[in-house]
Amino acid sequence: MSRYDFKSIEKKWRRIWEENPINADDEGKPKFYCLDMFPYPSGKGLHVGHWRGYVIGDVLSRYKILQGYQVLHPMGWDAFGLPAENYAIKNNIHPSTGVLENVGNFRRQLKEISAVYDWSREINTTDPEFYAWTQWIFVQMFKNGLAYEKEMPLNWCPKCNAVLANEEAAGGVCERCGTPVTKKMLRQWMLKITSYAERLLEDLNLLDWPEKVVKMQTVWIGKSYGAEIDFNIEGSNKKLKVYTTRPDTLCGATFMVVSPEHSIVDELTKEDAREKMDEYRRQASAKSSVARMADKEKTGVFTGSYGINPINGKSIPIWVSDYVLAEYGTGAIMCVPAHDDRDFDFAVKFNLDITQVISPDGTISENLKEAYVGEGVLVNSEQFDGLESSAAIDKVTAFLEERGSGAKSINYKLRDWVFSRQRYWGEPIPIVHCEKCGAVCVPEEELPVLLPDVASYQPTSTGESPLSSISDWVNTSCPACGGPAKRETNTMPQWAGSSWYFLRYADPHNTNAIASPEALKKWLPVDYYIGGVEHAVLHLLYARFYTKFLYDIGVVDFKEPFLKLFNQGMITNEGRKMDKSGGNGVSPDDIVSMYGCDSLRMYEMFIGPPELDSEWDQRSIEGVNRYLNKVWKLIEGSIEKPAKATRQMEQVRHKMIYEITSRLDHWSLNTVISGFMEYTNKLIEIASSNGLDKETMEDLIIMLSPFAPHISEELWHMAGGQSSVFKQRWPIADPEKMKESFMTIAIQIGGKLRDTIEVASDSSKEEVILKAKGCLGKKLENVQISREIYVPGRIVNFVIK
RNA sequence: GCGGGUGUGGCGGAAUGGUAGACGCAGCGGACUUAAAAUCCGCUGACGGCAACGUCAUGGGGGUUCGAGUCCCUUCACCCGCACCA
């Protein structure tokens, strides 16, 4: 028996499907929008790890098609940004040339998957027709006051020569290259994502997302409840405002700390401390965030000034230290060393007072060895003594509000989004700077602002974009007053296009809008979104923000873009994440030529639970390949010698349908494949020399088709199918027909398996127990049975006294 | 430190509280073959036993239950994410 000829079969059907797409729109059916996170077309190409997510999306899409949905399953390219630019610089070509090359290779590789992508909807974020709308959204944000310019110290990656958003600089290192991030003072465009903080947090409730991703976004948004408190400054009419989540500990504040970047530092610093202070601030700004975080050892300088506690009137020293962050809260804190670990360390280091004000049990400890950060009863707190922390938080805040020296306050860790990059390969920010009118947005009818060709697009280390050297392009006229003006030379970050691309697929060639309202209404929001967990915060947060903004201006009528999110597990090789540059990437091209697309698709699903990481094992592909050959042989034989359906065959068929469908609905894709193997083996056994009956054969082919489309389509036609197998309907199991006439009952004594018996399915409890007793015989003589437990269809357990 | 996850044969992995190891890989034995490949059949957790069969076994320790891989408590190991946010 020779193996089936996958090469010619796969080639044949790929051509036919390309000419007659099987997911062509079919009016009147319910819609299903299944989206894979679009890839960044790098020079490395795809490996079998990338395939996994795409195959999952395609299996789902084809399953939905067979269930009678019209499915939108598109693909495109996220091609702006640093990797493409760096690749171009390295290979001495224009980024657009490199992108074209890589897209070509990615498209070819993705076509090898034979997914039902609607290639007529292919998009590319670097296409002017696409980025016109990326710029249009920016213009709307600008008009609505959500895009603004700001001069501020920013995360700067010295290797990429570009600023980074906070999300891109998590952990103090560049998200892309791992280089420790430094600070640089620059004028930047910002997007006011913080004004959506509450809704971004609240609406997480609407989503069917992995718990992990919801948690990560919640933590990133970082909402906290507390109070802002004003401290008068001794000998000055100025006040120092701090934020705290623990106003109940106010009487324990024995000093204050201001961040080195705080604007009040100069004013607070007394003459004799000035030299030391200037040096400290200089060092702090030079220090990378990594160094700032790695140094758990506290540093600081005393300003010489004192603040006055608004409750007890005590005067406490004001210090400057880099453990206080300028960008969070008010950039200044009150320090309660007895009840905060960081303040405790600082107080010990600089020998400052430590006053206990919270007691876990009402007693006062003499010598605190460490901070007690929990709640408790207030002590040493004037009129608030004896209160519980939770009550004291309210009472103290009310007291301060009454006196005009404090107020309730909510804070978020989320910062506004730094939206400009000093690089070439991105969407130009559609803004013109006019001396008279300031920043003016480019009129909508003039969009897109095309990215001009430039002789050198190498980044500079000065924080200026390469675009600034093209004077022809930079110098323009002001859209408002017509006077001379200069174009904005910064470009948008890599995330701009991916923040809204899922909308464009609905209507990718529209020249009047990001998509027509009808198309958006028809397809959006995305029903099922599939991609790696690495985008848990960045892309998914930005896309949610964009969607909420577009909702507010009436472009879309839904608040959340992705109803269901699925993160597929990685494929590892030798225990490490598969990576071409790591030398352990396996090319799908090789596997496809050895075993065929269908075998690789099957193996990608068989390898393990789709949400968990799985280890690649080349040899195991043999198993699914053998399985497909087995099916081929079985169906081929059944066509030659069609059999009549027996009762037993029908019963196995319905059980097979039931099992496969329920495993698929539980998204247990690996056991769907093992289910196919299990039931095929059963069918072969009961069919023996005869083949399968027509219905069993057809149902098996239909169910197999989302996983192994080519062989299924071929077998379907061999078996007499006139139209595509994907025009058929997913079979439905009849529970009545699944019933067997006999059942196997396990017999236990004291919970231990002793034997099994076969009984008629309609046997009563008494009959089963009687038969079980008879079967055990002598074994029962030596034990005292107190009762029997019978689980219908499963088990009889004789309970020992 | 906080959050999420994982721990079951030689390997990948199955098991709505109900016969642990489905399915597959690898391995062993056999059939076919001049031979090999392919294919087909059988065996394959550990220990004891000629065998029937018995005992042990789901990271470790406790508990609930007639019955626990599954539920509860506790503990260990590994992976991922976050982390001076007051």
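Predicted model only: the values in this text are computed from it and were never measured. Every chain is numbered from 1, with letters handed out A, B, ... down the list of sequences.
Heavy atoms of A:Glu615 sit nowhere under 4.0 angstrom from any nucleic acid atom. Within the 4.0 angstrom heavy-atom criterion, only backbone atoms of the sugar-phosphate kind lie near A:Lys215; the bases stay farther away. Within 4.0 Å (heavy atoms only), A:Arg663 reaches no atom of the nucleic acid at all. As judged by a 4.0 angstrom heavy-atom cut-off over every strand, A:Thr756 is placed among the base-contacting residues. At the heavy-atom level, A:Asn670 lies under 4.0 Å from the strands shown only through sugar-phosphate atoms. Backbone-only contact: A:Ser224 has heavy atoms under 4.0 Å from sugar-phosphate atoms and none from a base. As judged by a 4.0 angstrom heavy-atom cut-off over every strand, A:Ile607 is placed among residues touching the sugar-phosphate backbone only. Nucleic acid contact for A:Phe676: none, since no nucleic acid atom lies under 4.0 Å from a heavy atom of the residue. Nucleic acid contact class of A:Pro210 (heavy atoms, under 4.0 Å, all strands): none. Residue A:Gln748 is classed as a base contact, given a heavy-atom separation below 4.0 Å to a base. At a threshold of 4.0 angstrom between heavy atoms, the contacts of A:Asp345 with the nucleic acid are absent.
Straight-line distance between the C1' atoms of B:G61 and B:G9: roughly 24 Å, to the nearest whole Å. Comparing B:G13 with B:G7, their P atoms sit 9 Å apart, to the nearest whole Å. Look at the C1' atom in both B:G21 and B:U8: the space between them is 8 Å, to the nearest Å. Spacing between B:A86 and B:G4 at atom C1', rounded to whole Å, works out to 26 Å.
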In B/S/- notation, 5' to 3', how is nucleotides 25-30 of chain B contacted by protein heavy atoms closer than 4.0 Å?
SS----

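In this structure, the CG atom of A:Asp5 is 16 Å from the C1' atom of B:A38, given to the nearest Å. Between the P atom of B:C82 and the NZ atom of A:Lys413 lies a distance of 13 Å, rounded to the nearest Å. Rounded to an integer number of Å, the gap from OH of A:Tyr627 to P of B:U39 is 16 Å. Taking atom NZ of residue A:Lys223 and atom P of nucleotide B:C82, one finds them 24 Å apart after rounding to whole Å. Atom CH2 of A:Trp209 is separated from atom C1' of B:G5 by 19 Å (rounded to the nearest Å). Straight-line distance from the CG atom of A:Asn629 to the C1' atom of B:C40: 14 Å, rounded to whole Å. Taking atom NZ of residue A:Lys298 and atom P of nucleotide B:C84, one finds them 10 Å apart after rounding to whole Å. Atoms CG (A:Leu683) and C1' (B:C23) sit 15 Å apart, rounded to a whole Å.
Taking the centre and axis of the six-membered ring of A:Phe346, the NZ or CZ atom of A:Lys298 falls outside the cone set by 45° and 6.0 Å.
Both distances falling under 3.5 Å, in either a Watson-Crick or a G-U wobble arrangement, place B:A77 opposite B:U6. Nucleotide B:C43 forms a pair with B:G27, judged by Watson-Crick or G-U wobble geometry with both contacts under 3.5 Å. Pair check for B:A35 finds none; no Watson-Crick or G-U wobble contact set falls under 3.5 Å. Across all strands shown, B:U58 forms no Watson-Crick or G-U wobble pair with both key distances under 3.5 Å.
Under 3.5 Å, the side chains of A:Asn681 and A:Tyr627 contain no donor-acceptor pair of N or O atoms. Residues A:Thr671 and A:Ser674 have side chains that never bring a donor and an acceptor to within less than 3.5 angstrom of each other.
Listed by first and then second residue, the side-chain hydrogen bond (donor to acceptor under 3.5 Å, both in side chains) pairs involving residues 405-414 of chain A are A:Glu198-A:Tyr412 (not counting sequence neighbours).
Partners of A:Phe344 under the ring pair (Phe, Tyr, Trp, His ring centres under 6.0 Å) rule, at least two apart in sequence or in another chain, do not exist in this structure.
The local environment of CD in A:Glu758 is crowded, with over 12 non-hydrogen atoms from other residues, nucleotides or ligands closer than 6.0 Å.
Using bins of under 30°, 30° to 60° and over 60° for the plane-to-plane angle, the ring pair A:Trp667/A:Phe566 lands in the perpendicular bin.
Using a 4.0 Å cut-off between charged nitrogen and carboxylate oxygen, A:Lys215 and A:Glu211 count as a salt-bridge pair.
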